[in-house]
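Below is one structure, written out as structure tokens; comments come after it.
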Amino acid sequence: MTNNTPTITRDGVIGQDGSEVVTIDQATGAEFARYPAAGKEEAAAAVAAARSASGPWWDLGFEGRAERLRAWRREMAVSGEEGAALIHAENGKPLDEARMEVLGILEHVRYAIENAERVLGRRELPGSPTVPNQRAWVEYQPYGVVGVIGPWNFPLVTPGAILIEAIAAGNAAILKPSQITPGIGEWLVRTWQRAVPGFPAVLQCLNGFGATGQALIEAGLNKLAFTGSVNTGKTVAAQCAQTLTPVLLELGGKDGVIVAEDADLDEAAKHVVWGAMQNTGHGCISLEVAYVVESVHDEFVEKISDLAKQVRVGSDEDAEIGPVPLPTQVPIIREHIQDALERGATATVGGVEAVGERYVTPTVLVGVTPDALAATEETFGPTLAVVEVTDTEEAIAHINAGRYGLGSAVFSRDRGEAIARQLRVGMTSINDALVFSINPAVPFGGRGDSGYGRKQGEEGLREFAYPHSFTAKTGPAQFSATTFGRPVGAMAGALAGVRNRILAEGGEKTD
């Protein structure tokens, strides 16, 4: 018997289709805008246009692209309030948090302008004594057409950072934004076309549901970057595998924070509450679980509970966190809270009653067992599960045993770095929260079910270019290593010479 129940993820329904995307104003629930959904024909046309533009775009060289990226940065800065207003309407996050996304995207463009040539430009390589008449170098060349499937939780800065890196590396890029937040994708394209009118096809936007993303992949991308849930990511990776299309996956997280016995509890409490509740907890790097050493547990719980009670929820100017834009996420948040309570946890703030139809107020769960859903599965809501541990070694073991491996945080006056180095995750903030997501020079990505590949930093730029290695003959060699008819004894003599040099270097046998 076939199960026809749709798979619901925090990205929506896998494979969902429709002829029109209708968005709502999250503050009022009223219709906000309508966009036609792109199908296979539109996806094929977009990829064809991008492919035609990618060659001339690459031919501009690093400085030619940087000049146009500077113009785009100016245009986005001028239009920044418009972009922030779109994020606020479609996503629901407070306007100041939306402005943070605009600030972030401007920082990412600056980093790409200043570093793309240094990271991706021609680099000379060491020679080889076996072929001393050869010089070697490497250049990084673009894939061609990069597709980017973006999320709704950070609809500008998350896909935007990837788009910038792809474009700076010399690719043309096509964004398929979330069906919850398509307007910000359209804004990106509008600002690009105003700033760089000569290359409109270098950045395009295709709106739609899951089926549009599938059509984009089928249209013949050279690389795909996907940000979203684990289940959707697996579906995307399987589709890309059919054509051996390389893919960057930024998936879910169940980020833990360790509060050691020597932590500054006041500082830790402020950062942990913000790291758990900001953006309504809608972050793959949100601090969802706090592993707190027993000697400071009670005092820390009191501090975070007091702070969590003060977080303002709503859509007005005073709000610090907004609504839940995706209705199917609300029951997941409720389930995780209920499961923790049924396993013996208590809610010092919030609880099941904190989960409304569209708004969820902060919840702090204490006495959470390590196997509870709130400690093992991505909640994606304004909740914090507190697990009491005997020592930091136990906390490290819990984090490393999880199937995710994205971000983390450690609070300790004297042992922060030592603790952090033992965590099998992609990123760790020491005595702060989520800072690795703010600095565009810091590589961002995870391991395990959190995906693979990196955006941001040097690794992020190289993610969208492949290394092309070169060697060139500079003159005659004593004998050729790459032809037949070598002089008798030449290779034996070469091997003996290398052996004698190695023996002259000394050293002893090791176990």
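- With hydrogens and angles disregarded, no donor-acceptor distance shorter than 3.5 Å links the side chain of Ser19 to the backbone of Pro36.
- Contact check for Phe226 versus Asp11: side-chain heavy atoms found under the 4.5 Å cut-off.
- Contact annotation: the side chain of Glu82 approaches that of Arg190 to within less than 4.5 Å [non-hydrogen atoms, C-beta and beyond].
- A side chain to side chain donor-acceptor pair (under 3.5 Å) check over residues 97-113, counting only residues at least two apart or in different chains, returns the pairs Glu81-Arg99, Lys93-Glu101, Asp96-Arg99, Glu107-Arg110, Arg110-Glu114.
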Point to revise | Tyr35/Thr23 under side-chain hydrogen bond (donor to acceptor under 3.5 Å, both in side chains): CA gap, chis, key distance, verdict | key: CA-CA 8 Å; Tyr35 302 90; Thr23 62; 5.3 Å; no

Point to revise | Evaluation steps, side chain to side chain contact (heavy atoms under 4.5 Å, CB included), between Thr232 and Ile149 | key: CA-CA 11 Å; Thr232 308; Ile149 299 178; over 6 Å; no

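- Using a distance-only test at 3.5 Å, with no hydrogens or angles considered, no donor-acceptor pair links the side chain of Asp414 to the main chain of Asp262.
- Residues Ser315 and His88 approach most closely at O-CE1, 3.9 Å, considering heavy atoms.
- Nearest heavy atom pair, residue Gly381 against residue Ile333, reads CA-CD1, 3.7 Å.
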Review point. Going through the checks in order, is the side chain to side chain contact (heavy atoms under 4.5 Å, CB included) test met by Asp339 and Arg343?
Key: CA-CA 6 Å; Asp339 174 75; Arg343 292 172 185 263; 3.0 Å; yes

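- The backbone N or O of Ala441 lies less than 3.5 Å from a partner atom in the side chain of Asn439, making a donor-acceptor pair.
- When all heavy atoms are compared, the tightest approach of Ala420 to Thr428 is CB-CG2, 3.7 Å.
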Check your understanding: Stepwise, does the side-chain hydrogen bond (donor to acceptor under 3.5 Å, both in side chains) test hold for Glu342 with Gln338?
Key -> CA-CA 6 Å; Glu342 290 175 354; Gln338 185 66 52; 3.2 Å; yes

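- With sequence neighbours left out, Phe154 forms a ring-ring contact (aromatic ring centres under 6.0 Å, His included) with no residue at all.
- Under the 3.5 Å distance criterion, the side-chain polar atoms of Glu261 are left unmatched by any main-chain donor or acceptor of Val296.
- Between Arg194 and Ser79, some side-chain heavy-atom pair lies under the 4.5 Å cut-off.
- Ring-plane geometry between His398 and Tyr291 is classed as parallel, the angle between the planes falling under 30 degrees on a 0 to 90 degree scale with a further cut at 60.
- Looking at every heavy atom in both residues, Val425 comes nearest to Gly407 through CG1-O, 4.3 Å.
- Heavy-atom neighbours of Arg424 CZ from other residues, nucleotides or ligands within 6.0 Å: at or below the threshold of 12.
- Ser429 places a side-chain N or O within 3.5 Å of a backbone atom of Val435 that can act as its donor or acceptor partner.
- The side chain to side chain donor-acceptor pair (under 3.5 Å) pairs that include a residue from residues 305-314 are Ser305-Thr348, where partners are two or more places apart or lie in different chains.
- Between Ile321 and Pro362 there is a side-chain heavy-atom pair separated by less than 4.5 Å.
- Although no hydrogens or angles enter the test, the distance criterion places no donor-acceptor pair under 3.5 Å between the side chain of Asp25 and the main chain of Glu90.
- The main-chain N or O of Ala418 is found under 3.5 Å from a side-chain atom of Gln422 such that the two form a donor-acceptor pair.
- Here the side chains of Thr212 and Leu216 are not in contact, with every heavy-atom distance at 4.5 Å or above.
- A donor-acceptor contact shorter than 3.5 Å is absent between the side chain of Lys176 and the backbone of Ala215.
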Point to revise | Thr363/Thr383 under side-chain hydrogen bond (donor to acceptor under 3.5 Å, both in side chains): CA gap, chis, key distance, verdict | key: CA-CA 5 Å; Thr363 290; Thr383 66; over 6 Å; no

Exercise for review: Go through His282 and Arg10 one step at a time and tell me if the side chain to side chain contact (heavy atoms under 4.5 Å, CB included) criterion holds.
Suggested key: CA-CA 10 Å; His282 302 323; Arg10 64 170 169 83; over 6 Å; no

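- Side-chain contact between Arg334 and Val352 is present, with heavy atoms from C-beta onward closer than 4.5 Å.
- Between the CD1 atom of Ile14 and the OG atom of Ser229 there is a distance of 6.0 Å, given to the nearest 0.5 Å.
- Between Tyr452 and Ala237, the shortest heavy-atom distance links the atoms OH-CB, 4.2 Å.
- For CD of Glu357, the number of neighbouring non-hydrogen atoms (other residues, nucleotides, ligands) closer than 6.0 Å is 12 at most.
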Exercise for review: Quick one: do His297 and Val366 satisfy side chain to side chain contact (heavy atoms under 4.5 Å, CB included)? Show the steps, please.
Suggested key: CA-CA 10 Å; His297 175 272; Val366 179; 3.8 Å; yes

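- Between the Asn231 side chain and the Thr9 main chain, no donor and acceptor come within less than 3.5 Å of each other.
- Within the 4.5 Å cutoff, side-chain heavy atoms of Cys284 are placed close to those of Glu378.
- Interatomic distance, Met100 CE to Ile87 CD1, rounded to the nearest 0.5 Å: 11.5 Å.
- Between Phe411 and His271, the ring-plane angle classifies as parallel under the 30° and 60° cut-offs.
- Not one N or O on the side chain of Lys254 forms a donor-acceptor pair closer than 3.5 Å with the backbone of Glu288.
- To the nearest 0.5 angstrom, Leu156 atom CG is 11.0 Å from Asn91 atom CG.
- Looking at Gln26 and Phe32, their side chains never come closer than 4.5 Å, going by heavy atoms from C-beta outward.
- The list of salt bridge (Lys or Arg N to Asp or Glu O under 4.0 Å) pairs with a residue in residues 444-456, not counting sequence neighbours, reads Glu250-Lys455, Arg403-Asp449.
- Under a cut-off of 6.0 angstrom, the local environment of CD in Glu20 is crowded, with over 12 non-hydrogen atoms contributed by other residues, nucleotides or ligands.
- Salt bridge absent: Asp266 and Lys270 never bring a charged side-chain N and a carboxylate O closer than 4.0 Å.
- Interatomic distance, CD1 of Ile337 versus OG1 of Thr379, reported as 8.0 Å (0.5 Å rounding).
- Taking both residues in full, the closest heavy atoms of Val21 and Pro182 are given as CG1-CG, 4.0 Å, listed atom of the first, atom of the second, then distance.
- A donor and an acceptor atom, one from each side chain of Thr158 and Thr227, are nowhere located under 3.5 Å apart.
- Between the CD1 atom of Ile167 and the CG atom of Leu203 there is a distance of 4.5 Å, given to the nearest 0.5 Å.
- Glu186 pairs by the side chain to side chain donor-acceptor pair (under 3.5 Å) definition with Asn207, not counting sequence neighbours.
- Atoms CG and OG1, from Leu326 and Thr181 in turn, are 10.5 Å apart once rounded to the nearest 0.5 Å.
- Listed by first then second residue, pairs satisfying side chain to side chain donor-acceptor pair (under 3.5 Å) with a partner in residues 384-393 read Thr390-Glu394, Thr392-Arg415, not counting sequence neighbours.
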